[in-house]
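Shown next, in structure tokens, is the structure this report addresses.
Reckoned from all heavy atoms, side chains included, excluding hydrogens, waters and symmetry mates. Since the model is a prediction, treat every value here as computed from it, not as a measurement. Each chain gets a letter, A, B and so on, in the order its sequence line appears, and its residues count up from 1.
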Amino acid sequence: MQSYLLAKDRLDGFVSRLADRLTVYVPAKGADGLWSFVASGSAQPPLALTPEGGNTNMPPKSFVFPRTEVLMRFDNRAGEGGMILREEPVPAGRAVLLGVRPCDAKALAVLDGIFGRRASGDASGEVSGGAFGADPYWAARREATILCGLACNYPCPTCFCDQMGCGPHHREGLDALWTDLGESYLVTILTERGRELASDLAPAAQADLNRAESLKAEAASLLTGKFPMDKIAQRGVLELCELPLWAELAATCLNCGACTHVCPTCHCFDIQDEVKGERGRRLRNWDTCMSGLFTRHASGHNPRGDKLARVRQRFMHKFKYIPVKRGEAGCVGCGRCIKACPVNIDVREVVRAMNEQAPQTPEGAA
Amino acid sequence: MKIKEFSAYLPRPATLKVKKELSELVTLFEFENDSGRPLMHKPGQFIMLSVYGVGEAPFSVSSAPIRESNNFELAVRKIGAVTGIMHDLKVGDKVGIRGPYGSFFPIQKFVGQDTLFIAGGLGYIPLRSLLHYQLKHRDEFGRIILLVGTRNPKERIFIDQLAELASGKDVEVLETVDVPDETWKGHCGVITTLIPKVRIDPDKTNVAMVGPPIMYKFCLGECLKIGIPSNRIYVSLERKMKCGLGKCGHCQINHLNACIEGPVFQYNQIESVEEAI
């Protein structure tokens, strides 16, 4: 593992040289006051990789899994025998995301387990995770997107990444990790394709590495909101589903789906056809399990027909069902859902209750 | 990128060959794969069917797996967008097919043993695939007992085939309707009431049960009551599905995806799962 140093006053130049070869996206504040990743050319210099509030309002998930994506196109021209289906080619261009927070990078690694991913550099097409092999669109975008992380030196009050097998300086899913040393960035190379971004940088000194280590320890010490999760694994699904907390949550939850919209690990999608004349296309769009339509059959039957079951589904999925398959939570602790919830539902409190709350006692029992 | 990597979302064309009304709302469709290759499904599996410009929906395959034929059958109730437009299709029209997907009835485990089929309403459609397979290989299986329940006589499907089975020696058929009318001379009552009527050997009987959600609740209990262990009871659970590939999240039943681990489940797989039944 090699580390390099980049002085902050050379950042803009570094990015513009990189942009000659690849599309570079950096965090920037939009006219709406929200932070998102934008192409480096359209960001106002000097670049600031650190958004106010610690992270971009939306995770960079959409670079790999767009909100709307064409899966195929079709023609139905008269005289040609009906449906003619054409697959949509996967996008080709390579991109670098600069300034991705470690939680958001880990989230993509979590989603690799669902969409599947071709092992990097393995042309034989071997894939990890996901039935039927990798989702071709996910895998292609993942392969074409280099992730340069920016370690968090000052986690937010809503952050709990350390509780989710992640952390402010976590490296999983990243190709390089940058650490803000004050006057400069320490650039730590994590993968082969991360290396090509650092070709013109000077090596870092031992003192720089030491400084990064102490920043990492300081950041970890700022995350103080510990909550135990150990009992969730031991409790059965049916016991967890019967806890009183779900009724309490359902009383306030609006099923608005803001939490699923901002979540870096939510992956559910809908598939719809759009037609104009003899031509059409099939799209997939982000969907939300908070919607009653999400599970409703054409017959009207709905296996998840009430609000309680839907609000429960989101938390049970992240903290019980995904762990059964993956061995760790399907949440990375970014805290966006805490900020986004209009009725102040705090995932940390929910998880604490899932862990600790006593089962409902039957009516009349002591 | 190679084309095969796309095949997961890209339907293959198939042509409607036969369309036959089974009841007022249910129609049997026979399609032929344009590829010239058989579907290669196993009993209990489903396909995703696309109709131009309307969308895609999952359907259990109703015909037995036949390697020598490129054709397969679906029986579909006219109830939503895709099933509605399907009923307007004419012989020769094209549809798109993905799959087959999902788990299936483990035929090999049924060999040499008795099978109790419990078919509620449209549940007969996926079970028919397994039943026809067993009939084609009749010597390999023990008793075949078929319980069929329908809401009312007007909604009965495959009436001629059931009559033929009932008059033959291969299958013991018991049929009931929930609400009779003046045409109905047979047994009345919900399908659960048929279960105590059949004498079975619980140690060598497997149950294949498909029907509406309410039926499972009662019939599962009844099967356990007559001594069939939950790992010998197979059910097929219907869920809304979009991708069929375990990715879109719509068919999740706790940690299980109905499209991958299901639709056919061993009952002991889902006994301690919320929202399954």
Side-chain angles (χ1 to χ4, degrees), chain A residues 71-72 74 76 81-90 114-116 125 130-140 236-238 240-241 266-275 280 282 284 287 289 293-299 301 303-304 309 312-313 316-317 320-325, chain B residues 1-13 15 34 48 50-57 77 79-84 92-96 101 212-214 237-240 242-260 271-277:
Chain A
L71 295 179
M72 70 163 190
F74 42 85
N76 201 31
M83 273 179 107
I84 298 156
L85 310 170
R86 282 179 287 123
E87 56 204 5
E88 182 72 359
V90 295
I114 288 146
F115 287 109
F132 298 97
D135 183 286
Y137 301 98
W138 171 274
V237 167
L238 297 182
L240 286 167
C241 283
C266 273
H267 63 87
C268 290
F269 59 86
D270 188 25
I271 298 178
Q272 292 290 337
D273 286 2
E274 280 184 354
V275 183
R282 176 161 293 169
R284 72 166 158 203
D287 205 343
C289 60
L293 291 174
F294 188 76
T295 47
R296 199 176 77 184
H297 298 187
S299 66
H301 172 70
R304 206 180 293 141
R312 182 177 67 191
Q313 164 69 15
M316 287 292 284
H317 189 214
K320 183 66 184 176
Y321 307 148
I322 290 181
V324 167
K325 286 201 164 162
Chain B
M1 281 251 170
K2 283 177 244 119
I3 282 174
K4 71 176 177 66
E5 295 191 53
F6 290 85
S7 58
Y9 288 104
L10 188 75
R12 312 179 297 277
T15 307
D34 287 8
M48 300 295 295
S50 294
V51 182
Y52 171 78
V54 177
E56 196 174 37
R77 174 154 63 185
I79 193 147
V82 174
T83 57
D93 282 349
K94 301 280 184 194
V95 297
Y101 294 132
I214 187 75
L237 299 185
E238 188 180 18
R239 286 295 182 277
K240 183 165 179 171
K242 287 291 179 174
C243 72
L245 307 168
K247 304 184 197 307
C248 79
H250 285 261
C251 70
Q252 280 169 9
I253 308 170
N254 296 194
H255 64 287
L256 304 166
N257 284 304
C259 67
I260 304 280
E271 259 177 316
S272 46
V273 162
E274 185 75 17
E275 290 177 6
I277 302 296

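- Both the backbone and the side chain of A:D270 have a heavy atom closer than 4.5 Å to some heavy atom of chain B.
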**OP:** Evaluate the side-chain contact (heavy atoms from CB on, under 4.5 Å) criterion for residues B:E274 and A:L238: first the C-alpha distance (whole Å), next the side-chain angles of each, then the deciding distance (0.1 Å), finally the verdict.
**Re:** CA-CA 6 Å; B:E274 185 75 17; A:L238 297 182; 3.4 Å; yes

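- Residue with the most contacts toward chain B among A:I322, A:D287, A:L240: A:D287 (heavy-atom pairs, distance under 4.5 Å).
- Only the side chain of A:C241 comes within less than 4.5 Å of a heavy atom of chain B; its backbone N, CA, C and O stay farther away.
- Each of B:E275, B:Q252, B:H250 has some count of heavy-atom pairs under 4.5 Å with chain A, and the biggest count is that of B:H250.
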**OP:** Check the pair A:V237, B:V273 against side-chain contact (heavy atoms from CB on, under 4.5 Å), reporting the backbone distance first and the verdict last.
**Re:** CA-CA 7 Å; A:V237 167; B:V273 162; 5.8 Å; no

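- Chain A forms more heavy-atom pairs under 4.5 Å with one residue of B:L237, B:N254, B:I79 than with any other, namely B:N254.
- With a 4.5 angstrom heavy-atom cutoff, B:V54 touches chain A only via backbone atoms.
- In terms of heavy-atom pairs under 4.5 Å with chain A, the best-connected choice from B:G96, B:C243, B:G80 is B:C243.
- Atom-to-atom distance recorded for B:I253:CD1 and A:Y321:OH is 10.5 Å, nearest 0.5 angstrom.
- When all heavy atoms of A:M72 and B:L10 are compared, the pair lying nearest together is SD-CD1, 3.9 Å.
- In this structure, B:N257 and A:K325 have side chains that are in contact, with non-hydrogen atoms separated by less than 4.5 Å.
- Within 6.0 Å of CZ in B:R12 there are more than 12 heavy atoms belonging to other residues, nucleotides or ligands.
- Smallest separation of non-hydrogen atoms from A:C268 and B:G249: SG-CA, 3.6 Å.
- Using a 4.5 Å cut-off between heavy atoms, A:H317 touches chain B through its side chain atoms alone.
- Between the B:K240 side chain and the A:P303 main chain, no donor and acceptor come within less than 3.5 Å of each other.
- Of the atoms belonging to B:T15, not a single heavy atom falls under 4.5 Å from chain A.
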**OP:** Please lay out, stage by stage, how B:Y9 and A:R282 fare under the test side-chain hydrogen bond (donor to acceptor under 3.5 Å, both in side chains).
**Re:** CA-CA 10 Å; B:Y9 288 104; A:R282 176 161 293 169; over 6 Å; no

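- Comparing A:H301, A:M316, A:E274 by heavy-atom pairs within less than 4.5 Å of chain B, the highest count is held by A:H301.
- To the nearest 0.5 Å, atom NZ of residue B:K247 and atom CZ of residue A:F269 are 8.0 Å apart.
- A distance of 11.5 Å separates CD1 in A:I114 from SG in B:C248, rounded to the nearest 0.5 Å.
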**OP:** Apply the test side-chain contact (heavy atoms from CB on, under 4.5 Å) to residues B:Y52 and A:D273: give CA-CA distance (whole Å), side-chain angles for both, the deciding distance (0.1 Å), then the verdict.
**Re:** CA-CA 8 Å; B:Y52 171 78; A:D273 286 2; over 6 Å; no

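- When each of B:R77, B:H255, B:E56 is checked for heavy-atom pairs under 4.5 Å with chain A, B:H255 comes out on top.
- Only the side chain of A:R284 comes within contact range of chain B, judged by heavy atoms closer than 4.5 Å.
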